[in-house]
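Below is one structure, written out as structure tokens; comments come after it.
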There are 2 protein chains.
Amino acid sequence: MSRPIETRRPLTLRDVSEASGVSEMTVSRVLRNRGDVSDATREKVLQAAKALGYVPNKIAGALASQRVNLVAVIIPSLSNLVFPKVLSSVSDELEDTGLQPVVGVTNYSPEKEEQVLYEMLSWRPSGVIIAGVEHTPASRAMLQNAGIPVVEIMDVDGEGIDSVVGISHRRAGLHMAEAIIAAGYRKIGFLGTKMPEDHRARKRLEGFKEGLAKAGIELADTEFYAGGSALAKGREMTETMLKRSPDLDFLYYSNDMIGAGGLLWCLDNGIDVPNKMGLAGFNGLELLDGLSVRLATMNACRAEIGRKAAQIISGRSQSGMIGGEVIELEPTLDPGDTIRKR
Amino acid sequence: MSRPIETRRPLTLRDVSEASGVSEMTVSRVLRNRGDVSDATREKVLQAAKALGYVPNKIAGALASQRVNLVAVIIPSLSNLVFPKVLSSVSDELEDTGLQPVVGVTNYSPEKEEQVLYEMLSWRPSGVIIAGVEHTPASRAMLQNAGIPVVEIMDVDGEGIDSVVGISHRRAGLHMAEAIIAAGYRKIGFLGTKMPEDHRARKRLEGFKEGLAKAGIELADTEFYAGGSALAKGREMTETMLKRSPDLDFLYYSNDMIGAGGLLWCLDNGIDVPNKMGLAGFNGLELLDGLSVRLATMNACRAEIGRKAAQIISGRSQSGMIGGEVIELEPTLDPGDTIRKR
DNA sequence: GCCAAGTATGTTAGCGTTAACGGTTGTAGG
DNA sequence: CCTACAACCGTTAACGCTAACATACTTGGC
């Protein structure tokens with residue numbers, strides 16, 4: 001089962017044209033369903049192409065036509081679960097537009113983002129969907145000069161380059177703080193990621209603190225982590241924090257996964273949730289639906305974000321604008337079973 | 001913040017060459033670090049390129065050089081967690097080879113796989129990494145004719161096209177059956193996915209049944225699901241099955257996520273795990289490390305698979321073979337806390 | 001001072017496809 | 001029978017870049 005030894009010359013339109021006795025141009029027309037071709041020749045050509053196993057060369061096609069049916073989608077991570085979700089909604093929405101998403105991953109590094117962007121732009125995609133509004137100056141310049149639609153997603157807190165679709169993480173944090181205070185919790189701890197480049201987590205924390213401040217409350221304790229399994233980290237951090245600050249009555253987690261870890265720890269240790277201790281996360285991970293106690297969370301509109309972004313790129317946006325659209329979506333709070341009802 | 005209105009003509013090598021007073025060829029050499037260029041001109045050219053914000057056109061470059069630094073990676077799903085893991089190990093391994101992975105997703109559909117493959121091959125990648133050994137005849141033909149290295153990953157049970165890297169899911173199932181029987185369990189249920197196209201899950205079940213048969217045992221009950229949150233489904237299915245067959249003493253799940261759901265249900269319902277009831281999943285999801293009880297599972301060597309596949313494509317495989325390599329890895333059983341020790 | 005052997009740059013000819021236009025039929029209408 | 005206009009198919013010239021070769025300048029050895 002090894003590759004064919006006879007390294008045949010790769011097939012071109014010419015091969016198909018010779019095999020079917022028509023010009024290359026006609027073959028090209030048939031294969032792209034463009035222009036007038038009689039049914040007889042069409043059939044002949046398709047036959048020949050199939051028999052030879054011809055696969056068109058999009059590189060040459062793109063160069064000649066100056067059109068590329070690719071959309072660059074640049075995200076920080078694939079293991080976060082949030083991004084695959086966005087990605088699949090982009091993918092679905094692009095399904096029958098002739099456009100195709102191509103993914104690049106930055107690992108939350110601005111430098112990597114710059115490299116990935118450079119690499120992707122060098123393939124001259126028809127549009128770019130990129131997570132976040134924070135980019136290096138070089139990245140911003142590239143996006144501005146590319147002459148293609150750019151949609152920055154997830155986050156609307158900041159200055160966009162072209163179009164923006166997302167939620168305000170600052171306000172999401174603020175609303176969560178308000179809800180927690182309204183439920184009567186007062187000694188509140190925050191547990192989150194250490195990653196300085198996760199601007200959205202940072203903004204949520206800032207908004208959260210702001211919400212607490214409005215009620216004259218300060219964060220009682222904080223704990224940060226980096227790397228490792230989020231569920232396990234949530235467990236560990238929760239234990240650490242409650243050992244250190246046993247009088248806390250609420251824990252706000254920067255994401256659902258560590259929140260779930262914390263929740264499991266609380267349940268294992270017989271802590272009365274939500275009465276003695278309230279918990280909340282962020283993101284509405286459907287993955288966690290199977291827990292016996294539903295963690296309070298905030299849905300980040302991931303599917304909607306992907307959909308809208310794809311619509312803007314494919315030019316099917318409702319608004320009919322040419323660019324510079326800013327769409328702010330409203331995350332909704334799901335109190336689950338871990339915030340007490342008053 | 002809208003796109004520049006003046007739709008400038010896109011930049012080419014010529015623009016950079018004019019701006020820096022050298023030939024296009026020299027600019028090309030500088031930008032690719034190839035051939036002899038004096039430090040003075042190199043500096044001049046880089047300056048000009050940066051000032052203009054020039055991004056090379058890889059489409060033209062690829063056409064001219066007949067080389068494309070892309071590797072097609074075709075996987076069934078991104079929401080499965082298994083595949084992002086493989087993907088990132090491919091990515092890491094390719095890091096400094098000059099090659100770049102490009103992902104295609106098939107949603108477990110052979111037809112979609114065929115389309116994705118056609119699309120990707122039309123960009124003439126340097127290699128293909130594709131999940132599974134089951135493909136449509138057309139897909140097989142395309143892969144055979146492409147004249148590039150092909151690595152089928154995850155699964156070695158079947159006839160490969162070129163190289164294959166994976167584990168035997170059949171034997172993985174068989175070994176699990178042996179371990180379960182050795183631990184003294186006798187009334188065994190299976191809970192899995194309904195997807196007929198998930199050949200690896202199917203093979204595990206077949207191997208599992210075979211292992212049981214050797215000990216003269218038959219599966220006591222089975223339950224299948226499709227769609228929805230795996231954790232929740234695991235919970236539901238477990239309840240359903242134990243209501244129906246209360247005398248079971250072991251549940252084998254086709255993946256860790258539904259296994260975890262089942263485990264949580266058992267814990268919530270005060271079932272004595274692992275003494276009265278044993279549980280096992282498949283995959284070694286690090287995601288689940290934070291559970292209070294560790295689910296028995298089998299590590300599928302995902303990182304290793306990605307690494308080896310990437311090595312074969314980049315021609316850095318240990319073996320020095322040209323093609324047709326078959327690498328079978330050995331999954332290891334992790335008994336966790338849900339199989340009783342004898 | 002002349003040639004050999006670099007070193008640094010330019011020139012030419014594609015790569016495989018498609019846009020744009022040109023030609024050749026056939027067919028209907030006057 | 002001639003014109004008008006489709007319908008069909010071919011020819012030519014790009015698209016932006018790079019491989020391969022060609023050319024101009026050095027430098028050093030005798």
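Throughout, a chain's letter reflects where its sequence line sits, starting with A, and its residues are numbered from 1. Small disclaimer: the values here were computed from a predicted structure and weren't measured.
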Please compare B/Q66 and B/T41 by the position of their nearest nucleotide in DNA chain C and report the one closer to 5'.
B/T41
Is there a donor-acceptor pair closer than 3.5 Å between any side-chain N or O of B/S91 and the backbone N or O of B/S88?
no
Between C/dG10 atom P and B/E18 atom CD, what is the distance in whole Å?
13 Å
What's the CH2-C1' distance between A/W123 and D/dG16, to the nearest Å?
13 Å
In A/V37, A/T12, A/L13, A/D15, the residue satisfying side chain to side chain contact (heavy atoms under 4.5 Å, CB included) with A/V27 is A/L13
Does the B/N69 side chain pair with the main chain of B/G98, one donor and one acceptor, at a distance under 3.5 Å?
yes
Heavy atoms only, 4.0 Å cut-off, all strands: where does A/R67 land among base, sugar-phosphate and nothing?
sugar-phosphate
Under the criterion side chain to side chain contact (heavy atoms under 4.5 Å, CB included), which of A/D155, A/V133, A/D157 is the partner of A/R200?
A/D155
Please report, rounded to the nearest Å, how far the P atom of C/dG14 is from the CG atom of B/L63.
14 Å
Main chain of A/E93, side chain of A/Q311: is a donor-acceptor contact present, judged purely on distance under 3.5 Å?
no
Could you pick out which residue, B/V37 or B/R124, lies toward the 5' side of DNA chain C when each is mapped onto its nearest nucleotide?
B/V37
Note: contacts of residues 19-35 of chain A with DNA chain C (heavy atom, under 4.0 Å) are A/E24, A/M25, A/S28, A/R32
Distance, nearest 0.5 Å, that separates CZ of B/R42 from CG of B/D36:
9.0 Å
Candidate nucleotides C/dA8, D/dG16, D/dT18, ranked by approach to the side chain of B/S38 - the nearest
C/dA8
Provide, to the nearest angstrom, the distance between the CG atom belonging to A/N57 and the C1' atom belonging to D/dC15.
13 Å
Integer-rounded Å distance: D/dA14 C1' and A/I59 CD1:
18 Å
Rounded off to whole Å, could you give me the CZ-to-C1' distance for the B/R9 and D/dC15 pair?
13 Å
Roughly how many Å is it from CG in A/D36 to P in C/dC21, rounded to a whole number?
17 Å
The reported gap from CD in B/E18 to CD in B/E24 (rounded to nearest 0.5 angstrom) is 8.0 Å
Over how many whole Å does the gap from A/R14 atom CZ to D/dG10 atom P extend?
12 Å
